[in-house]
Amino acid sequence: MSGLRFELETPVPLVDLDILDRNLARMAEYAAEHGLGLRPHVKTHKAPRVAREQARLGAVGLSCATPREAEVMASCHHDLLVAHPPVGLKAERLMRLPREVDLMVALDSAESIEMLVAAARRHDRSVRVLVELDVGAHRVGVPTAEQAVALARLVKARPPLVYAGVTFYPGHIRQRVEEQPRHIDRLRRDLTATLDTLRGAGLAADIVSGGSTPTAWQTHQIEGLTEIRPGTYVYNDRYTVAIGSCAREECALTVLGTVVSTAVPGQVVIDAGSKALGREPRVEEGQGFGELLDRPEVTVKAMNEEHGILDLSRTAWRPAVGDQVRILPNHACIVTHLNDVVCGLRGAEVVERYEVTARGR
Ligand SMILES: Cc1ncc(COP(=O)(O)O)c(C=O)c1O
C-alpha cells in the first residue's frame with residue numbers, strides 16, 4: 001500500500017477524528033431537528049473522550065450495557081440509563097454509583113424489580129425504571145401491553161423505584177434502509193397501541209426510549225418516541241455501510257495492520273486476526289471479516305487469533321512484508337472492546353491517543 005506508514009506498533013485501532021466529529025454532530029442535529037432526546041449507547045466507544053463530546057453536543061443522557069460502563073460514564077453525564085436487566089449482583093453494584101448520578105434502568109421481569117428494589121432500599125436510593133417492550137427483536141422485553149401494564153404497576157408500588165416509562169430496541173430492523181419502512185410502520189402501530197393501553201391504565205410513559213443505528217435516520221417517524229439510543233453511528237462500520245445507513249466515507253474506525261508474511265505462495269498474511277478485528281458475521285456470505293480502506297476489493301478472508309489472510313483474488317496488487325494496511329471492520333464495537341487504546345488521526349497524523357476506559361467488567 002504505497003505511502004501508508006504510521007510509526008505505530010500494529011495491530012492498533014485508528015479513529016479519523018474529523019469523521020468522528022462529523023458523525024457526532026450530524027446525529028445531534030438530527031435529534032434536535034426532530035425534537036428527540038439523544039441518549040447515545042456508549043458500548044461502541046467505551047471512551048470518556050467521546051462521551052464528553054456527546055454530552056457537550058446536547059445528549060440528554062448516556063446508555064450503558066454494563067455496570068463498568070456506568071461507573072466510567074458517571075464522570076461524563078449525570079443521567080445514565082443501564083439498558084440491560086440489572087439481575088443479581090449487578091443491581092447492588094449499580095447502587096454504588098456516585099449519588100449525583102440520576103440512574104435509570106431497563107427491565108422486563110417481576111424478579112428484577114424485586115432485586116432492584118431490595119438493593120435500592122438498602123442504599124436508600126431512588127431509581128427510575130423503564131419497562132422493556134419486545135417490539136420484534138425477541139431478545140428481552142415483554143411481548144404484550146398487558147404485561148407492560150402489570151410491570152409498570154409493580155414498579156409504582158415499590159418505592160424508591162420510580163416508573164419513568166418504556167424502552168425498546170429495534171434490533172430486528174437490520175435490513176437495507178429502503179426495505180425498512182414496512183417494519184418501522186409495524187413498530188409504530190404496535191408502540192402506539194401499547195402506549196395507549198398504558199395511558200388508559202393511568203400509566204402514561206414520560207420517557208419512550210428506543211432506536212439503533214440501522215434505524216437512526218427513520219426514528220422520527222415513530223410517534224410517541226421521546227429519545228433515541230444509537231451507538232454505532234459514532235464510528236460506523238462495514239455493516240452500517242452495507243445496509244445503507246451511512247456512506248463509506250463516514251466510517252471513522254479502522255484497524256492498522258502490517259503484512260508479516262508472504263512465505264506461502266499466493267498468500268499474504270497480516271498481524272490483525274480475530275483478536276484485533278473480532279470474528280463478526282460476514283455482511284454477506286463470502287465477504288470476509290473486513291476490507292482494506294483503500295482497496296475495498298481486498299478482504300480478510302480467514303483469520304487465526306493473531307493472523308489475518310487477505311483475499312487477493314480480485315486485485316493485481318501484491319504487498320510486501322512490512323507494508324501497512326488499514327482494515328475497515330465488519331463491526332466497530334467489537335474492535336473497540338478488544339483494545340485498551342485508540343489512536344486519533346487528523347489527516348495522516350496521529351494527534352492523540354485515548355483510552356477505552358469502560359471495557360472489561
Ligand atoms: C439496548 C440497546 N440500545 C441501543 C443500542 C445501539 O444500537 P446500535 O449498535 O445499532 O447503534 C443497542 C445495541 O446493541 C442496544 O442493545
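These numbers come from a predicted model, not from an experiment. Counting starts at 1 for both ligands and their atoms, in listed order.
Assignment of S63 to the shell around ligand 1 is not supported, since no heavy atom sits closer than 4.0 Å.
Salt bridge annotation for D18-R22: absent, with no cationic side-chain nitrogen under 4.0 angstrom from a carboxylate oxygen. Salt bridge status for E250 with R26: present, with a side-chain N to carboxylate O gap under 4.0 Å.
A donor-acceptor pair under 3.5 Å is absent between the side-chain atoms of T299 and the main chain of P296, judged by distance alone. A distance-only check finds no donor-acceptor pair linking the side chain of R158 to the backbone of V117 [under 3.5 Å].
Among E227, R39, E132, the single residue meeting the side chain to side chain donor-acceptor pair (under 3.5 Å) criterion with S209 is E227.
Short contacts between ligand 1 and R229, defined as distances under 4.0 Å to a heavy atom of the residue, involve ligand atoms 1 (C), 2 (C), 3 (N), 4 (C), 5 (C), 6 (C). Contact atoms of ligand 1 toward G231: 6 (C), 8 (P), 11 (O) (distance under 4.0 Å to a heavy atom of the residue). Less than 4.0 angstrom separates some heavy atom of P214 from each of these atoms of ligand 1: 10 (O). Annotation for ligand 1: atoms under 4.0 Å from non-hydrogen atoms of P230 are 11 (O).
Atoms CD and CZ, on E305 and R279 in that order, are 8.5 Å from each other to the nearest 0.5 Å. The CG atom of L187 lies 5.0 Å from the NE2 atom of H172; values are rounded to the nearest 0.5 Å.
Distances between N or O atoms of A83 and those of ligand 1 include no value under 3.5 Å. In terms of polar-atom proximity, T213 is counted as a contact of ligand 1, with an N or O under 3.5 Å from an N or O of the ligand. For H41, no nitrogen or oxygen atom sits less than 3.5 Å from a nitrogen or oxygen atom of ligand 1, counting backbone and side chain alike. For ligand 1, none of its N or O atoms has an N or O atom of R174 under 3.5 Å away. Residue contacts with ligand 1: T232 is placed with a nitrogen or oxygen under 3.5 Å of a nitrogen or oxygen of the ligand (distance criterion only).
H123 and E92 are linked by a side-chain donor-acceptor pair at a separation below 3.5 angstrom, with hydrogens and angles left out of the test.
Nearest protein neighbour of atom 9 (O) of ligand 1, counting heavy atoms only, is K43 NZ, 2.5 Å. Shortest contact from atom 7 (O) of ligand 1 to any protein heavy atom: Y169 CE1, 3.6 Å.
Nearest residue to atom 16 (O) of ligand 1 from H84, M27, R139 is R139 (criterion: closest heavy atom).
Annotation: H45 is not in aromatic contact with Y354 [ring centroid separation under 6.0 Å not met].
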